[in-house]
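So that the names make sense, note that chain A is the first sequence line, chain B the second, and so on, each numbered from 1. Note that this is a predicted model, so its numbers are computed, not measured.
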There are 2 protein chains.
Amino acid sequence: MTASRKSPTIQDVARHANVSAATVSRVLSAPERVSETTRERVHAAVSETGYTINQAARSLRLKAARTILMAAPNIGNPYYSTVLDAVIGEASSRGYSVLVATRIGDDPNRWLHDYLLSTRADGLLLFDGSLDTNSLHGLGAEGVALPLVAAYDEIPDPKVNSVITDNRLAAKRAVRHLADLGHTKIAHVIGPSRNQSTNERLLGFQEAMRELGLPVRQEWLHPGAYNTESGTAAAAQFLASGELPTAVFCGNDEMAVGLIHGMRQAGIECPRDISVVGFDDVSFAPYYNPPLTTMRQPREEIGRMATRSLIDIIEGGAKESDPVHVVLTSELIVRESTRTIR
Amino acid sequence: MTASRKSPTIQDVARHANVSAATVSRVLSAPERVSETTRERVHAAVSETGYTINQAARSLRLKAARTILMAAPNIGNPYYSTVLDAVIGEASSRGYSVLVATRIGDDPNRWLHDYLLSTRADGLLLFDGSLDTNSLHGLGAEGVALPLVAAYDEIPDPKVNSVITDNRLAAKRAVRHLADLGHTKIAHVIGPSRNQSTNERLLGFQEAMRELGLPVRQEWLHPGAYNTESGTAAAAQFLASGELPTAVFCGNDEMAVGLIHGMRQAGIECPRDISVVGFDDVSFAPYYNPPLTTMRQPREEIGRMATRSLIDIIEGGAKESDPVHVVLTSELIVRESTRTIR
DNA sequence: GAGTTCGATGCAATCGATTGCATGAGTTTC
DNA sequence: GAAACTCATGCAATCGATTGCATCGAACTC
């Protein structure tokens with residue numbers, strides 16, 4: 001109650017409880033090494049003083065910040081909000097805080113470096129496959145690998161831990177779904193090419209088309225950027241291509257929505273005139289008009305698993321030498337943006 | 001190049017440059033106090049060793065973490081993604097990192113306490129008006145106010161700094177817009193009642209209705225929770241109310257979308273049968289079908305201003321005793337979810 | 001040329017928590 | 001009953017960066 005001028009330190013608590021600072025520290029981190037009577041006395045002193053541990057001092061001494069860094073190219077994308085939520089939940093249940101960084105300047109090496117080598121964060125949750133492996137490996141101290149888990153987007157390096165989804169297969173299933181509905185003229189809106197996930201989805205698309213014996217038309221492939229604008233741009237491109245596809249597989253929901261919007265402005269209605277499959281199943285997908293058929297990605301699961309793995313690695317040291325490679329499965333959610341061809 | 005076993009310290013750099021650690025420190029923080037020749041020598045040593053500052057040590061010494069904490073009830077809401085983006089941008093341009101916390105257990109006092117009194121964060125960006133003032137004031141050390149800026153949602157305490165929008169006025173304008181289109185049967189989907197912003201919007205709604213001489217029907221007021229589900233629930237309530245409103249003012253876009261969705265399932269089309277105004281103008285609003293008429297909140301601006309104010313307060317100490325109170329104006333964006341009554 | 005000033009740099013204390021080692025009291029063992 | 005052992009606790013060094021004060025040499029003044 002009677003708060004002192006500034007935050008009480010472990011010394012203050014020690015004084016209150018008539019013990020040494022060492023004992024207070026032990027009560028807090030290894031209670032079983034302290035007798036019950038002193039333990040109680042210390043606990044009382046802690047609440048009397050309103051003591052909270054000074055993380056800076058702790059980090060300095062332990063060389064661990066109990067903080068992880070989540071880096072994503074654009075937190076602005078609604079895809080990440082759910083993931084971030086899950087990351088925070090899992091991290092805080094393990095006693096970790098979460099720092100968030102976006103690509104700021106265009107020198108990822110510099111900012112990652114700043115965060116990680118400065119004991120601000122103990123490990124990195126990387127949601128961005130566009131970083132080159134070399135710069136990442138350079139981050140760990142010599143020999144010691146930096147705790148790093150790549151999530152959502154794979155890093156093309158088997159030594160890097162990853163938690164991803166079955167992008168290739170999922171893309172194939174999405175295309176098959178369209179084919180099952182009778183579509184043969186199928187277009188694809190591609191994500192940003194620097195992402196591995198994008199390439200996997202494109203590969204899945206191409207593979208499925210080949211297996212189905214359907215032609216892939218170049219002008220029905222639009223390179224997008226995972227945002228609504230590029231969906232609308234894709235619509236424009238397809239409209240200008242002479243013949244309109246009857247179905248489109250989009251690399252994510254944002255682009256699907258942008259595409260449907262663009263098409264509608266030209267009088268092409270979804271699903272009446274064109275079927276559209278998205279990817280991700282973001283929060284508004286079921287509420288869109290039409291409700292979006294999409295490949296759901298288990299985003300909470302991705303966030304949780306990635307965080308759990310990262311913290312396991314941080315705490316287990318490098319002893320578990322086998323890299324973690326988790327592949328979660330996406331699920332086709334059929335709603336109303338796809339239907340049988342007339 | 002020749003990286004040592006562990007991260008180099010300021011001592012290592014000092015040794016390389018044949019100066020004392022004090023000098024290295026000065027080169028880094030007050031270059032003008034060091035002669036040019038040594039400065040160059042030190043810079044060379046820094047890049048040779050690959051030195052990065054140890055933030056824990058720095059924080060301990062300076063009693064400042066150069067980190068702010070953004071606390072929001074549910075980061076999962078797409079509203080926050082844009083704000084967070086802006087916060088990160090502004091913070092990192094000032095050399096600050098951003099920690100993110102969600103409401104975890106239901107003891108906000110405890111977690112805020114943990115973060116703030118433990119030198120993890122120097123200040124708090126609070127996006128949650130539901131915390132009671134007492135617990136907040138308890139946070140600062142005696143006499144010294146904790147650097148705190150309430151954003152988006154006002155704390156009903158003039159001593160707390162805030163960056164908010166003109167919720168009341170904005171709500172009135174939204175209702176006026178509906179009235180201008182000839183609507184008289186207007187419903188309102190309210191946000192979670194613990195939020196001040198919600199109450200302001202409700203007050204604005206009521207005020208506008210009174211000024212327009214329109215009756216407020218109780219069964220046309222639905223208490224929602226700022227998510228899509230409650231929009232759909234509101235639709236159900238209105239449908240069951242005997243008479244259908246011809247227009248609805250929703251407390252945010254999520255609920256607007258949920259409402260439109262729910263109405264459509266009952267065969268009530270927007271804007272044909274019912275006009276809907278949302279609030280926020282989240283990223284998918286212009287791409288919805290129909291594109292959403294909504295009160296745009298300057299979210300980047302909110303994030304940027306709030307962050308800037310917070311850091312100013314942190315760095316300026318408590319010397320600027322006048323609380324900051326910024327009120328940004330919302331803008332009515334007319335799209336296609338509202339139209340003149342038939 | 002002796003005294004004064006100034007700029008550059010080093011010394012050493014400090015921030016607060018942790019932990020290996022030492023100590024001392026109490027308990028067990030033969 | 002003395003040696004061996006256990007258990008609880010304290011002492012003091014340590015983590016790495018910052019900064020007030022001291023020092024030292026050079027430049028300047030009269």
- Length of the line joining B/I10:CD1 and D/dT18:C1', which is rounded to integer Å: 8 Å
- Query: Roughly how many Å is it from CG in B/N18 to P in C/dG10, rounded to a whole number?
  - Reply: 9 Å
- Go through C/dG10, D/dT18, C/dT19 for me and flag the one nearest to the B/V19 side chain. C/dG10
- Query: Considering only side-chain heavy atoms of B/A57, which listed nucleotide, C/dT18, C/dC11, D/dA17, is closest?
  - Reply: D/dA17
- Item | Pairing of B/E36 and B/R39 as salt bridge, 4.0 angstrom limit | no
- Message: Of the options C/dG10, D/dA17, C/dT18, whose atoms approach the side-chain atoms of B/R26 most closely?
- Response: C/dG10
- Message: Just the rounded figure in Å: distance from P of D/dA17 to CG of A/N54.
- Response: 17 Å
- Task: Could you state the atom-to-atom distance from CG of A/L60 to C1' of D/dA17 in whole Å?
- Result: 9 Å
- Message: Can you work out whether A/L28 or A/R33 has the more 5'-proximal nearest nucleotide on DNA chain C?
- Response: A/L28
- Task: Go through D/dT18, D/dT9, C/dT19 for me and flag the one nearest to the B/R58 side chain.
- Result: D/dT18
- Task: Give B/T38 one of three labels, base, sugar-phosphate or nothing, depending on what nucleic acid heavy atoms sit under 4.0 Å from its own.
- Result: sugar-phosphate
- For residues A/R120 and A/A65, report the shortest heavy-atom separation together with the two atoms involved. O-CB, 3.4 Å
- Testing D/dA17, D/dA8, C/dT9 for proximity to the side chain of B/T9, the answer is D/dA17
- Task: Among the candidates C/dA8, D/dT9, C/dT18, find the nucleotide nearest to the side-chain atoms of B/S35.
- Result: C/dA8
- Please state whether the phosphate of D/dG16, meaning OP1 or OP2, lies under 4.0 angstrom from any side-chain nitrogen or oxygen of B/Y51. no
- Query: How many Å lie between CD on B/Q55 and C1' on C/dG16, as a whole number?
  - Reply: 17 Å
- Item | Residues A/E315 and A/Y96: side-chain donor-acceptor under 3.5 angstrom | yes
- Item | 5'-most by nearest nucleotide on DNA chain D - A/R39 or B/R61 | A/R39
- Message: Strictly below 4.0 Å, N to O, side chains only: are B/E90 and B/R308 in salt-bridge contact?
- Response: yes
- Picking from D/dT9, D/dG16, C/dC11, the nucleotide nearest the side-chain atoms of B/A22 would be C/dC11
- Atom CD of B/E32 and atom P of C/dC6 are separated, to the nearest Å, by 17 Å
- Report the nucleotide, chosen from D/dA17, D/dT14, C/dC15, that has the shortest atom-to-atom distance to any side-chain atom of B/K63. C/dC15
- Task: Choose from D/dT19, C/dT9, C/dA17 the nucleotide whose nearest atom is closest to any side-chain atom of B/T23.
- Result: C/dT9
- May I ask you to test the A/T67-A/V98 pair for a side-chain heavy-atom distance under 4.5 Å? no
- Query: Can you check the B/Q11 CD to D/dA17 C1' distance for me, whole Å?
  - Reply: 8 Å
- Item | Nearest-angstrom distance from the residue atom CG of B/L62 to P of D/dG16 | 16 Å
- So, A/D312 and A/R94, do they make that salt bridge, N to O below 4.0 Å? yes
